[in-house]
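Data block below; observations after.
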Amino acid sequence: MRVLHVITSMETGGAEHLMVDLLPQLRRLGCDVELALFDGHDTPFKREVVAAGIAVRCLGTGTATYNPVSAWRLARLMRHGHYDVVHTHNTACQLFAPVARMLSGSCVRLVTTEHSATNRRRSIRALRPVDRLMYAQYDSIVCISDKTQANLEQYIGPRPSITTIYNGVDTSRFLCPIKSVDPDGPHLVSMVASFGAAKDQDTLVRAIAQLPERYRLRLVGDGTRRAEVAALAERLGVADRVEMTGVCTDVPRLLRESDVVALSSHWEGLSLSSIEGMASGRPFVASDVDGLREIVEGHGVLVAEGNADGFAQAIRGLCSDPARYRAVAEACQRKARQYDITVMARNYLALYKQLLEK
């Protein structure tokens, strides 16, 4: 079975991270899998995929996300690649892949993954007919969580082609013994996420400003809002306690060095960072929003969206109570095992086979 995954680029993000973990797993299961990039410029994630032996087809470098030329280039790749399934991620790829299939004259099956429980497009009423037409071209629409599926069906209506396959991560890379916490020692809180509209690093910066100086915050990732968050740390007088690492490929090491892992967000699909954090043997504190609630509730600690006081209290409470710290960390690790990447890969392979049998 030949499968082509298509994504805009391999910049830092949840869908891009998924390519790093999922594609090698599909290959181990017998898929002849490749990756196509609308913008193939070099990134750490792209290098990881190449190092895993996955063929990467670059349709351009520095190409604008919605450049129609990408549809023509993807059509040419479909025509000559003899793929059985083309699987898209991100809106531009979702839009252009049906056009490319028509231009190529291919009978390839189209699959797309919906990576977020919501997005800004859905607030623009004029785009709803376009989106309904786009989704209608797909043989299967995969949602990464129950809430993602519910919200999509509310937007475009229920369809037999919509299903849910939970996101997963390679938990073996992150599992480690539960750390013992010293209530009087220094404490490092880490958040791994891009600096984009969905993320809310600001609330964690405000939370760290409320905690004693022995508490530090490490923000791992990059993005358009990084400078804005850095400016906030300066204004609050905690710039010396807020470390911004940029993109890091050795996230397991950073999590092991942490005392608490946190994720402050406005919305999520099903967060890979949350699963990694929960697998790491550290207690996990997160915003009580769609895409995090269903993973964290009953295991980690949920805090109201944007509530800096709540995050500060949750972090202090865990670090000052070793027994609770261990109990929460153990519960998080148990939950994370349910989202291992091998389960996800087998489910995708079963979906591909089902489509090809029709």
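Bear in mind the structure is a predicted one, so any value in this text is a computation, not a measurement. The figures that follow rest on heavy atoms only: side chains count, while hydrogens, waters and symmetry mates do not.
Considering only residues two or more places apart in sequence or on other chains, His89 meets the side-chain hydrogen bond (donor to acceptor under 3.5 Å, both in side chains) condition with His5, His115. Qualifying side chain to side chain contact (heavy atoms under 4.5 Å, CB included) partners for Glu305, counting only residues two or more places apart in sequence or in other chains: His266, Val289. Listed by chain and number, the residues in a ring pair (Phe, Tyr, Trp, His ring centres under 6.0 Å) with Phe45 are His17 (sequence neighbours excluded).
Side-chain atoms of Leu23 and Leu35, non-hydrogen and from C-beta on, do get closer than 4.5 Å to each other. Side-chain contact between Arg101 and Val86 is absent, with no heavy-atom pair separated by less than 4.5 Å. At least one side-chain heavy atom of Ile162 sits under 4.5 Å from a side-chain heavy atom of Leu152. No side-chain heavy atom of Val260 sits under 4.5 Å from any side-chain heavy atom of Phe284. Side-chain contact between Leu255 and Phe174 is present, with heavy atoms from C-beta onward closer than 4.5 Å. Residues Glu243 and Leu217 have side chains not in contact (no heavy-atom distance under 4.5 Å, counting atoms from C-beta outward). Residues Asp39 and Leu37 are not in side-chain contact: their nearest non-hydrogen atoms beyond the backbone lie 4.5 Å or more apart. Residues Thr163 and Ile141 fail the side-chain proximity criterion, which asks for heavy atoms closer than 4.5 Å.
The two residues Thr171 and Ala336 come nearest to each other via the heavy atoms CG2-O, 3.6 Å. When all heavy atoms of Val49 and Val56 are compared, the pair lying nearest together is CG1-CG2, 3.9 Å. Contact between Leu351 and Ile165 at its shortest, heavy atoms only, is CD2-CD1, 4.3 Å. Closest heavy-atom contact between Val181 and Pro322: CG1-CA, 3.7 Å. Scanning both residues, Thr148 and Ser116, for their nearest heavy atoms gives CG2-O, 3.4 Å. The two residues Cys332 and Arg282 have their closest heavy-atom pair at CB-O, 4.4 Å.
A cation-pi arrangement is found for Arg122 relative to Tyr155, the charged atom lying closer than 6.0 Å to the ring centre and inside a 45° cone about the ring normal.
Side chain of Asp321 to main chain of Arg324: a donor-acceptor pair is present (N/O by atom type, distance under 3.5 Å, no hydrogens or angles). Judged by distance alone, with hydrogens and angles left aside, the side-chain atoms of Asn307 form a donor-acceptor pair with the main-chain N or O of Gly310 at under 3.5 Å. For Asp139 (side chain) and Val111 (main-chain N/O), no donor-acceptor pair under 3.5 Å exists by modelled atom type. A distance-only check finds a donor-acceptor pair linking the side chain of Arg2 to the backbone of Gly81 [under 3.5 Å]. Of the possible polar contacts, none joining the Arg159 side chain to the Glu153 backbone as a donor-acceptor pair under 3.5 Å is found. Arg241 contributes a side-chain N or O that, together with a main-chain N or O of Pro212, makes up a donor-acceptor pair within less than 3.5 Å. Without hydrogens or angle criteria, Ser273 side chain to Val192 main chain gives a donor-acceptor distance under 3.5 Å. Under the 3.5 Å distance criterion, the side-chain polar atoms of Arg293 are matched with a main-chain donor or acceptor of Asp288. At least one donor-acceptor pair under 3.5 Å links the side chain of Arg73 to the backbone N or O of Leu59. Listed for the Arg226 side chain is no donor-acceptor partner under 3.5 Å among the backbone atoms of Ser194.
A donor-acceptor contact closer than 3.5 angstrom is absent between the side chains of Tyr138 and Gln94. Side-chain atoms of Asn67 and Ser70 include no donor-acceptor pair closer than 3.5 Å. No side-chain N or O of Ser161 forms a donor-acceptor pair with one of Ser140 less than 3.5 Å apart. There is a side-chain donor-acceptor pair under 3.5 Å between Tyr135 and Glu114. Using a 3.5 Å distance cut-off with no hydrogens or angles, the side chains of Asp200 and Ser265 do not pair a donor with an acceptor.
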Take Asp32 and Tyr83, measure what side chain to side chain donor-acceptor pair (under 3.5 Å) needs, and give me the verdict at the end. CA-CA 9 Å; Asp32 182 3; Tyr83 302 105; over 6 Å; no

Run the salt bridge (charged side-chain N to carboxylate O under 4.0 Å, His left out) test on Glu330 and Arg326 for me, step by step, so that the C-alpha distance in whole Å, both residues' side-chain angles and the decisive distance to 0.1 Å come before the verdict. CA-CA 6 Å; Glu330 289 175 345; Arg326 172 167 287 274; 3.4 Å; yes

Does the side chain to side chain contact (heavy atoms under 4.5 Å, CB included) test come out yes or no for Asp290 and Glu268, once each step is laid out? CA-CA 6 Å; Asp290 291 342; Glu268 294 282 346; over 6 Å; no

Determine, step by step, whether Leu22 and Ile341 satisfy the side chain to side chain contact (heavy atoms under 4.5 Å, CB included) criterion, reporting the C-alpha distance in whole Å, the side-chain angles of both residues, the deciding distance to 0.1 Å, and the verdict. CA-CA 7 Å; Leu22 176 62; Ile341 190 69; 4.3 Å; yes

Assess whether side chain to side chain contact (heavy atoms under 4.5 Å, CB included) is satisfied between Thr245 and Leu219, documenting all intermediate values. CA-CA 6 Å; Thr245 68; Leu219 299 175; over 6 Å; no

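Residue pairs satisfying the side chain to side chain donor-acceptor pair (under 3.5 Å) criterion with at least one member in residues 252-261, sequence neighbours excluded, are listed as follows: Lys179-Asp259, Ser190-Ser258, Arg218-Glu257, Asp250-Arg253, Arg253-Glu257. The salt bridge (charged side-chain N to carboxylate O under 4.0 Å, His left out) pairs that include a residue from residues 3-14 number zero, where partners must be two or more places apart or lie in different chains.
The side chain to side chain contact (heavy atoms under 4.5 Å, CB included) with Val296 is formed by just one residue from the set Val285, Val301, Leu302, Leu263; it is Leu302. The residue from Val85, Asp84, Leu26 that alone fulfils the side chain to side chain contact (heavy atoms under 4.5 Å, CB included) condition with Cys31 is Leu26.
Arg225 contributes atom CZ, which lies 6.5 Å from atom CD of Gln201 (distance to the nearest 0.5 angstrom). Of the inter-residue distances, the one linking Ile275 atom CD1 with Ser280 atom OG reads 12.5 Å to the nearest 0.5 angstrom. Atom CD1 of Ile315 and atom CD1 of Ile208 lie 5.5 Å apart (nearest 0.5 Å). The distance from the CG atom of Leu349 to the CE atom of Met1 is 5.0 Å, given to the nearest 0.5 Å. Going from atom OG of Ser264 over to atom NZ of Lys199 covers 10.0 Å, rounded to the nearest 0.5 Å. Distance check: Gln25 CD to Arg346 CZ gives 9.0 Å after rounding to the nearest 0.5 Å.
A chain of hydrophobic side-chain contacts below 4.5 Å, direct or via other Ile, Leu, Val, Met, Phe, Trp or Tyr residues, connects Val130 to Ile156. Taking hydrophobic clusters as Ile, Leu, Val, Met, Phe, Trp and Tyr residues chained together by side-chain heavy-atom distances below 4.5 Å, Met244 shares a cluster with Val251. Following chains of ILVMFWY side-chain contacts shorter than 4.5 Å, one cannot reach Leu175 starting from Met344, and the two form parts of different hydrophobic clusters.
Taking the centre of each ring, His87 and Tyr348 come in below the 6.0 Å mark.
Cluster partners of Leu103, using a side-chain heavy-atom cutoff of under 4.5 Å among ILVMFWY residues and allowing indirect links, are Trp72, Val99.
No more than 12 heavy atoms of other residues, nucleotides or ligands sit less than 6.0 Å from atom NZ of Lys147.
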